[in-house]
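Let me begin by presenting the structure, written as structure tokens, before commenting on it.
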Amino acid sequence: MAVSPLPLYNASPRSNKTKPLTHRPNPKGSSADAASTPNPKSKASIDGVLDLAERLNAETKSQYIKGKWLGKGTYANVYEAHLKSNPSQLFAIKKMIVGAEAKDGLSMDSIREVKYLQELSHPNIIKLHAVFSSKNQNLNLVLEHLPRGSLEQLISEGDIQYGSADIKAWMGMLARGLHHCHSNFILHRDIKPGNVLVAADGELKLADFGLARSFADPWTRMTYLVITRWYRPPELLFQARHYGSTADVWSVGVIFAELVIRKAWMPGGSDLEQLHLIANVVGLPTEDVWPGVSKLDGYIKLTKDPAAPQTPVQHRQQMQREFALVGPEGVDLLMQMMALDPRKRATAKKVLMHEWWNMEPKPRRKEDLPRKVEKSKEGMADALKRKPGELEGGTGRGDKVARKIDFGAFGR
Amino acid sequence: MSRTAPRLGPTAPKKLVEDGDICPVCKSSRYLNPNMVFKVNPECYHKMCESCVDRIFSHGPAPCPIAGCRRTLRKARFKKPNFEDIQIEREVDIRRRVASVFNRREDEFDTLLDYNNYLNEVEDITFNLIHKIDLDATEKKLAAYADSNKQSIQANVSRASQETTSFQARQAAEREQERLRREAARRDDEEKKRILEENRRNILNTLATTDGDANRIAKEGQRVALKKSSARRALTDRRPDVVASDPFTAATANGNADGGAFVIKGLKKVVEPEAEKPYDPFGGLSDETQYYVLQDTYQYEDVDKYMSDVQYTAGGYDFGEWYSRALCEAFSGLGVFIGEETSGRDAAAAVPIAMAATAATVVGVEKSADDVF
Ligand SMILES: Nc1ncnc2c1ncn2[C@@H]1O[C@H](COP(=O)(O)OP(=O)(O)O)[C@@H](O)[C@H]1O
Ligand SMILES: [Mg+2]
Ligand SMILES: [Zn+2]
Ligand SMILES: [Zn+2]
């Protein structure tokens with residue numbers, strides 16, 4: 001058995017690289033078929049493998065029944081699905097949209113997503129259960145079902161109420177997921193609230209690995225056209241082609257800020273405007289704070305609005321005011337994540353080692369975290385207003401509960 | 001006080017309801033004494049005025065003055081009725097008393113059916129008490145249940161009060177948060193005003209000390225200010241006012257269900273709540289490896305030339321990250337034991353095949369397409 005030196009979650013003795021990818025409720029002797037696979041060196045046997053592959057693909061595909069449409073991202077439609085053998089077990093099927101950029105009939109994004117997701121196994125990273133292709137070589141990813149929406153909704157839907165203990169819990173889960181990616185040498189490169197989904201038990205899951213890649217060799221140039229603009233760090237806006245994992249940390253820092261202020265923090269309408277927003281809100285990228293920045297290909301000399309804080313001290317004071325909710329330690333962590341110079345920015349590991357996690361309040365337990373759509377606690381008056389036999393609205397289990405009025409609460 | 005049609009139960013003391021405005025004891029009337037307050041004692045629910053209560057019961061327990069009643073009443077138990085109809089007052093009191101004893105919650109039951117059966121039983125008891133059916137036996141049942149379920153009843157009482165407190169605490173926290181946001185916005189505005197004022201003074205200074213084009217300098221200052229304020233507008237809060245969310249998710253402890261005459265079926269097993277561990281930001285993940293210790297730098301000729309390249313330093317490229325990846329890949333083979341691998345092949349062979357439909361392309365791309373990534 002191969003033992004990977006990779007850091008593993010829960011230190012399972014099995015390498016996560018050789019973990020079976022498919023979810024197999026009914027093996028139907030398929031592994032016996034696989035065992036008879038001949039030596040793959042001969043031409044005939046490659047055909048044999050492909051035949052077998054086709055059969056297995058059809059088998060995987062037939063195990064799932066596709067259901068209602070869940071959402072659309074940039075590159076894919078996502079549908080609910082369940083197991084044919086067990087309709088109560090839900091999944092999400094992400095069906096990649098075949099685009100013009102598709103290469104050999106497969107889009108690069110789906111390849112990336114499969115390649116990196118299958119290497120990762122962590123409570124804060126979406127789980128990939130299986131993969132199959134449908135017509136046009138269209139890839140379908142069978143993912144774990146995450147029914148409670150994304151961070152985007154938690155941030156912007158005003159009737160969801162939360163405080164600093166909730167923010168700390170969410171940030172903790174997000175930072176753990178990111179740290180696990182980076183410990184496995186994977187850059188996510190598209191972290192934003194819409195790509196952080198909420199599981200049924202309240203756990204946050206980093207999703208959408210369509211732009212992920214592994215840490216590059218020094219001689220490889222990477223593209224700077226990654227990460228949605230509002231969450232894109234200044235080195236990518238300056239078109240750096242050799243960047244590190246702290247690019248992702250910037251995105252998580254922006255999410256941290258948005259969780260506090262509950263609106264977009266730096267919603268740039270263009271790359272240039274994005275740079276101006278960063279200069280005004282975070283600070284001016286100069287050779288002083290970021291040695292070498294002016295040598296980057298896309299560097300532009302920026303100026304500040306007169307109404308923006310002018311000195312680093314003023315920036316810190318403004319942040320202390322604006323993010324008072326998370327306390328001075330929380331602001332310090334945020335500022336470390338928002339360092340302009342990517343080398344001075346905190347790594348995911350450093351984020352997790354920050355003292356903020358140990359300050360009061362403690363992170364909220366995940367089962368107590370606020371969620372979308374809640375029924376309010378009804379008093380006796382509401383119960384009495386209902387006509388006899390009429391029950392609460394909604395589709396929850398509460399519908400079938402006998403009508404019970406809280407007499408204890410009355411007349412106290 | 002208005003008169004409503006009397007709702008008569010099987011033993012309704014009819015007279016009381018009809019003489020709503022005259023005290024049956026002292027016969028004083030509300031017309032002469034508009035501040036008159038009526039009270040009842042749940043012992044018999046006979047209504048009388050407050051001054052009669054004071055007069056008759058101030059010196060200790062005494063018999064009810066209503067003809068034919070003679071129940072012993074205590075002053076402390078007199079109260080102002082909530083309902084004009086004394087039958088309803090009595091029913092609500094009984095329901096409250098029963099509910100304070102039978103205070104099980106839905107989540108204590110295995111199934112919804114069990115919970116509904118329980119509610120049904122409780123309603124039977126309540127009905128009997130209200131309509132005085134099998135009164136003695138029913139009271140005994142209630143007492144027996146209360147006695148043998150003390151723990152669970154107490155647990156649910158404190159659970160309910162905790163929920164009220166945490167609900168209030170959360171509301172308070174939310175108000176505080178709102179206040180902080182408003183405060184931040186206000187100070188932000190002040191700061192902006194201050195900076196703009198400073199800027200205006202700077203323009204004046206520049207005008208005073210240089211011979212530049214006055215118009216241009218002033219316009220430049222204005223332009224910047226305008227741009228800033230429109231950028232602000234774009235950032236306006238998209239959050240509507242907040243409504244309280246539901247904080248009712250506390251854990252519970254069940255008492256035993258050996259209630260003698262009253263047996264509840266389908267109660268969940270009591271699960272001891274886990275002791276709270278200190279928060280571990282890493283959540284159990286260790287990134288130490290047993291195979292090697294990462295050095296700060298490695299001598300590697302091919303790479304040295306990149307290390308001082310500003311495109312790498314300013315771009316944030318981290319050679320440490322790359323070393324760790326390279327070392328990990330180098331050590332990936334170390335734990336392989338050929339014997340195990342071959343005997344485990346039967347099972348392992350199935351692994352990559354889920355992807356075989358696309359395997360050929362995936363492998364091909366991996367080698368040649370790094371620049372596309
Ligand atoms: N596992 C899932 N469970 C439930 N909904 C999902 C799941 N994955 C994605 N979605 C929904 O589909 C949307 C797009 O998914 P995403 O993976 O971000 O696709 P894209 O790569 O196209 O951006 C998400 O914002 C979410 O609403
Ligand atoms: Mg997406
Ligand atoms: Zn009187
Ligand atoms: Zn009486």
Side-chain angles (χ1 to χ4, degrees), chain A residues 1-7 9 20-22 31 34-35 37 53 56-57 104 106 108 111 130-131 133 158-159 161 163 176 183 185 213 215 218 220 235 240 242-246 262-263 292-293 295-296 305-307 321-322 324-325 342-343 352 357 362-363 368 370 374 400 402 407-408 411, chain B residues 82 95-96 99-100 112 116 119 173-174 177 180 184 187 192 195-196 199 224 228 237-240 242-243 245-246 249 279 281-283 285 287 289 291 303 306 310-318 321-322 325 328 331 335-336 340 346 349-351 353-357 361-362 365 370 373:
Chain A
M1 168 123 321
V3 183
S4 167
L6 277 171
Y9 182 73
L21 182 63
T22 39
S31 52
T37 306
L56 286 173
N57 182 58
D104 300 328
L106 267 172
M108 290 304 302
I111 296 166
V131 182
S133 62
D159 53 354
Q161 206 184 75
R176 285 173 186 171
S183 301
F185 321 113
R213 66 154 296 147
F215 289 178
T220 308
E235 65 269 26
H242 305 279
Y243 45 87
S245 70
T246 55
R262 303 201 64 162
K263 61 186 178 185
V293 58
K295 305 287 191 315
L296 291 174
D305 289 345
R321 284 196 300 273
E322 196 168 7
L325 179 65
R343 294 199 151 187
L352 287 174
W357 307 108
K362 278 210 197 61
D368 298 340
E374 282 285 353
K400 293 174 223 95
F407 283 89
Chain B
N82 289 300
R95 286 193 177 276
R96 193 183 341 175
S100 71
L112 185 58
N116 278 336
L119 287 181
E174 180 64 17
Q177 197 181 328
L180 286 173
R187 263 187 267 169
K192 230 178 309 156
I195 293 169
L196 279 173
N199 179 47
V224 176
K228 179 69 196 176
D237 205 334
R238 63 180 190 227
R239 193 169 70 104
V242 288
V243 174
S245 59
D246 190 357
T249 34
Y279 182 73
F282 284 84
L285 173 81
D287 65 353
T289 108
Y291 296 98
V303 171
Y306 302 118
V310 69
Q311 296 300 323
Y312 292 73
T313 57
Y317 188 84
D318 186 335
E321 288 177 347
W322 177 66
R325 198 203 94 200
C328 177
F331 281 84
V336 178
E340 273 183 33
D346 292 3
V351 170
I353 288 178
M355 285 190 57
T361 22
V362 171
V365 164
D370 230 1
F373 282 115

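Proteins get letters first, then strands, A, B, ... in listed order; numbering begins at 1 in each.
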Response to the item:
salt bridge (Lys or Arg N to Asp or Glu O under 4.0 Å) filter on A:R321, not counting sequence neighbours, yields none
Worksheet item: If every non-hydrogen atom of A:P342 is compared with every non-hydrogen atom of B:G316, which pair is closest and at what distance?
Response: CG-CA, 3.5 Å
Practice prompt. Locate the shortest heavy-atom distance separating A:R343 from B:Y312; write the atom from each residue and the value.
Written response: NH2-O, 4.0 Å
Worksheet item: With no hydrogens and no angle check, is any side-chain donor or acceptor of A:R176 less than 3.5 Å from a backbone partner on B:P281?
Response: yes
Worksheet, complete the sentence: Minimal heavy-atom distance between B:A314 and A:V293, with the atoms involved, is CB-N, 4.0 Å
Item to complete: Working to the nearest 0.5 Å, report the span between NZ of B:K192 and CG of A:D305.
Response: 11.0 Å
Fill in: Region of B:S100 that comes under 4.5 Å of a non-hydrogen atom in chain A
neither
Worksheet item: Is chain A contacted by the side chain of B:Y306, its backbone, both, or neither, given a heavy-atom distance below 4.5 Å?
Response: side chain
Worksheet item: Are the side chain of B:Y279 and the backbone N or O of A:K362 linked by a donor-acceptor pair below 3.5 Å?
Response: no
Worksheet entry | A:F215 side, atom CZ; B:E321 side, atom CD - distance, nearest 0.5 Å | 4.0 Å
Worksheet item: Parallel, tilted or perpendicular: which fits the ring planes of B:Y317 and A:H242, with parallel below 30° and perpendicular above 60°?
Response: perpendicular
